[in-house]
There are 2 protein chains.
Amino acid sequence: MKLPHYIQNVVPFPADELEDIISYFEKETVQKNTLLVKEGQVCSKLYIVEKGVGRSYYLKEDGKEITQWFFVEGQFMSSIESFFQQNPSLYYLEMLEDSVVYSITRENLDLLFARYHNMEKLGRLLSTEMLTRVVNKLNAIQFQTARERYDYMLNEYPDIVNRVALGHIASYLGMTQETLSRIRKAETRNRS
Amino acid sequence: MKLPHYIQNVVPFPADELEDIISYFEKETVQKNTLLVKEGQVCSKLYIVEKGVGRSYYLKEDGKEITQWFFVEGQFMSSIESFFQQNPSLYYLEMLEDSVVYSITRENLDLLFARYHNMEKLGRLLSTEMLTRVVNKLNAIQFQTARERYDYMLNEYPDIVNRVALGHIASYLGMTQETLSRIRKAETRNRS
DNA sequence: GGTTTCTTTTGACCTATATCAAATAATACA
DNA sequence: TGTATTATTTGATATAGGTCAAAAGAAACC
C-alpha cells in the first residue's frame, strides 16, 4: 500500500495521525473503461490512483470527447469543482486501465481538514501543485504549435504518451487526432 | 481598509487572530506601470489588490508581451510558483493603474500558516478557487473560437475589458490585437 | 496647444490546422 | 482463429486567424 508514502512525501505526519487519516480511505478495484463519475452527477469522492491511469473528459456539443486531464499513480483524481462545491460535475471520470484507487468522501475529508492542521496543509500544497501544472498546460496550449505541444507532453508526461489512446492525447492537447498522427509520423522520421 | 473583509469573506477568523494576521501585511501605494516583480527575480511577496488593476505577463522569444493573468480589487496577486518555490519568476508583475496593494513576505506567510490552522485553510481555499479559474480559462482557450473567448471574457471579467489596453486583453485571450479589434468591430455592429 | 509616442484599426495576403472521407491497422470477442 | 468493432493513418480541401504594413486615433509631454 503506497498511500502513506504519497502523503508523507508532501507533508510528514506523526504516525498516529497518518494511521487515522489512512483509515478514512477505502480501497477500490476498478476495471478498464469504468466511469467513476458521470457528467451531471455530484462527484462525492476524491480518489488517489495507486495503479492504472485515469482521465477526466467532457463532451462537446457535437458529441466529441475532450480529454481534460490524465491521472497516474500517486496523483489525486476528482472532478475538483464538483467535489468541493458539491455541484453537478461537468466532467466524466474514467479509468483507462484496470486500476486500484483509494477514495475518500467529502465529509470525511472535511473532518480530517478540521481535525489536523497538517491535513489542511497537505490540501493546500496539493492544490498549489495542481495549479502550477494547469498553468503550465495553459501556456503550452495558448502559444505553441501543435508540434511543440506534443513535445511538451513527451517531456512532462512521457509515460502517459505510450499508455493511452492517441485520440485521447490529441484532444488533451487541443488538436485533432489526424494532426497528432501526422506529427508522430514526422517525429519518427526525424528521429531515425 | 478592506483587507479584513477580503479575508473574512473566505474564512471567518476570531477578532484577535485576524488582527494579528493583518499586522503582517504592509500597505503599498504604487504608480501606474510600476513593475512589482521582474522576470528572473525571486518573487518575495504576495500582494492583495485593494485598488487598481494588475497583470502578470511574460516575453515570448520574439519579444512580444503575453498577458497571463489580470488581478483586480480583492484578489491576491503574485508570481505564484516563484513565490512558493522561491525560484526565479518567469513572469513580470505590473500594476496598470495607480494602485494600492497589501503585501506579505513568504516568511511571514509561512509563520501565519504554521500559527493558525484557519490560515492554512484560507490558503487552501484561495488556491482551489484560483485553480478553478485557471481551468475555466484553459477550457475557453483550448476549444473556443476567438469570438467565443472574447465573449467568455466579457462575461467573466466585464470590468477588466473596459479598463485595460486592447493589446493586453488580446494576448491574454491568445489572439493578436488585430483579431480582437476586428471582433470588437463586429460585435458593436451586431449590438446596435 | 502642438508634437511625439503609443494604441487601435484597416487591408491584403498566407499558413497551420481543421474537416471530411476513405483505407488500413489493431483489438476485442464469439 | 475469424469476424466485428474501434483506433489510426493518409489524402484532398477549406478556413480561422496569423503576419506584415500602413493609416487613423488617443494619450502623454514639453
Side-chain angles (χ1 to χ4, degrees), chain A residues 31-35 53 55 57 59-67 70 94-98 140-153 160-192, chain B residues 31-35 53 55 57 59-67 70 94-98 140-153 160-192:
Chain A
Q31 283 203 309
K32 188 171 170 167
N33 299 327
T34 305
L35 293 177
V53 207
R55 65 163 182 151
Y57 70 93
L59 297 179
K60 279 211 295 189
E61 318 77 58
D62 60 5
K64 278 187 189 147
E65 292 181 1
I66 304 298
T67 297
F70 292 109
E94 180 187 29
M95 298 311 299
L96 298 171
E97 301 176 350
D98 291 344
I141 292 285
Q142 191 163 9
F143 291 107
Q144 299 191 322
T145 62
R147 171 69 180 271
E148 288 167 333
R149 276 176 270 157
Y150 183 62
D151 289 341
Y152 147 84
M153 176 100 194
I160 290 179
V161 171
N162 301 306
R163 282 170 80 178
V164 311
L166 174 137
H168 295 158
I169 296 171
S171 72
Y172 173 79
L173 292 176
M175 64 186 80
T176 61
Q177 53 175 22
E178 291 95 328
T179 296
L180 181 52
S181 174
R182 289 180 178 116
I183 288 169
R184 273 197 174 166
K185 193 183 172 191
E187 299 239 325
T188 5
R189 219 189 351 260
N190 291 348
R191 225 177 295 115
S192 56
Chain B
Q31 282 204 309
K32 189 171 172 167
N33 298 327
T34 305
L35 294 178
V53 206
R55 67 163 180 150
Y57 70 93
L59 298 179
K60 280 212 295 188
E61 319 77 58
D62 60 6
K64 277 186 189 147
E65 292 181 1
I66 304 298
T67 296
F70 291 110
E94 179 187 29
M95 298 311 300
L96 298 171
E97 302 176 350
D98 290 343
I141 293 284
Q142 191 163 7
F143 292 106
Q144 299 192 320
T145 62
R147 172 69 180 272
E148 287 167 335
R149 276 175 271 157
Y150 183 61
D151 288 342
Y152 146 85
M153 176 100 193
I160 291 178
V161 171
N162 301 306
R163 282 170 81 177
V164 310
L166 173 137
H168 295 158
I169 296 171
S171 72
Y172 173 79
L173 292 176
M175 64 186 79
T176 60
Q177 52 175 24
E178 291 94 327
T179 296
L180 181 53
S181 175
R182 289 182 179 114
I183 287 169
R184 273 196 174 167
K185 193 184 171 190
E187 299 238 325
T188 9
R189 218 187 355 258
N190 292 347
R191 223 177 296 117
S192 55

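In this text the structure is predicted, and so the values were computed from the model without any measurement. Labels below follow one simple rule: chain letters A, B, ... track the order of the sequence lines, proteins then strands, and each chain is numbered from 1.
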Take B:Lys32 and B:Glu97 through the salt bridge (Lys or Arg N to Asp or Glu O under 4.0 Å) test and state the conclusion after the steps.
CA-CA 4 Å; B:Lys32 189 171 172 167; B:Glu97 302 176 350; over 6 Å; no
Any chance you could lay out the side-chain hydrogen bond (donor to acceptor under 3.5 Å, both in side chains) test for A:Tyr172 and A:Arg55, step after step, and finish with the verdict?
CA-CA 10 Å; A:Tyr172 173 79; A:Arg55 65 163 182 151; over 6 Å; no
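For the pair A:Gln177 CD and C:dT17 C1', the interatomic distance rounds to 14 Å; values are reported in whole Å. Protein atom CG of B:Asn162 is 16 Å distant from nucleotide atom C1' of C:dT7, rounded to whole Å. One can place CD of B:Gln31 at 13 Å from P of D:dA28, the figure rounded to the nearest angstrom. When the C1' atom of C:dA18 is taken as reference, atom CZ of B:Phe143 falls 12 Å away, rounded to whole Å. Atom pair A:Arg184:CZ and C:dA26:C1' shows a separation of 14 Å (rounding to whole Å applied). Note: CZ (A:Arg182) to P (C:dA18) measures 10 Å, nearest angstrom. Here D:dG25 presents its C1' atom at 15 Å from NZ of B:Lys185, a figure rounded to the nearest Å. Rounded to an integer number of Å, the gap from B:Leu96 CG to C:dT7 C1' is 14 Å.
At least one donor-acceptor pair closer than 3.5 Å links the side chain of B:Ser171 to the backbone N or O of B:Thr67. Between the side chain of A:Arg149 and the backbone N or O of A:Gly174 there is at least one donor-acceptor pair closer than 3.5 Å.
Mapping B:Asp62 and B:Lys32 onto DNA chain D by nearest heavy atom places B:Asp62 closer to the 5' end of the strand. For the pair A:Ser181 and B:Thr176, nearest-nucleotide mapping onto DNA chain D gives the more 5' position to A:Ser181.
Considering only the side chain of A:Arg149, C:dT17 comes nearest among C:dT17, D:dG17, D:dG18. Side-chain proximity of B:Glu178 to the nucleotides D:dA21, C:dT8, D:dG18 is greatest for D:dA21.
Residue A:Thr179 places at least one side-chain N or O closer than 4.0 Å to OP1 or OP2 of C:dA18.
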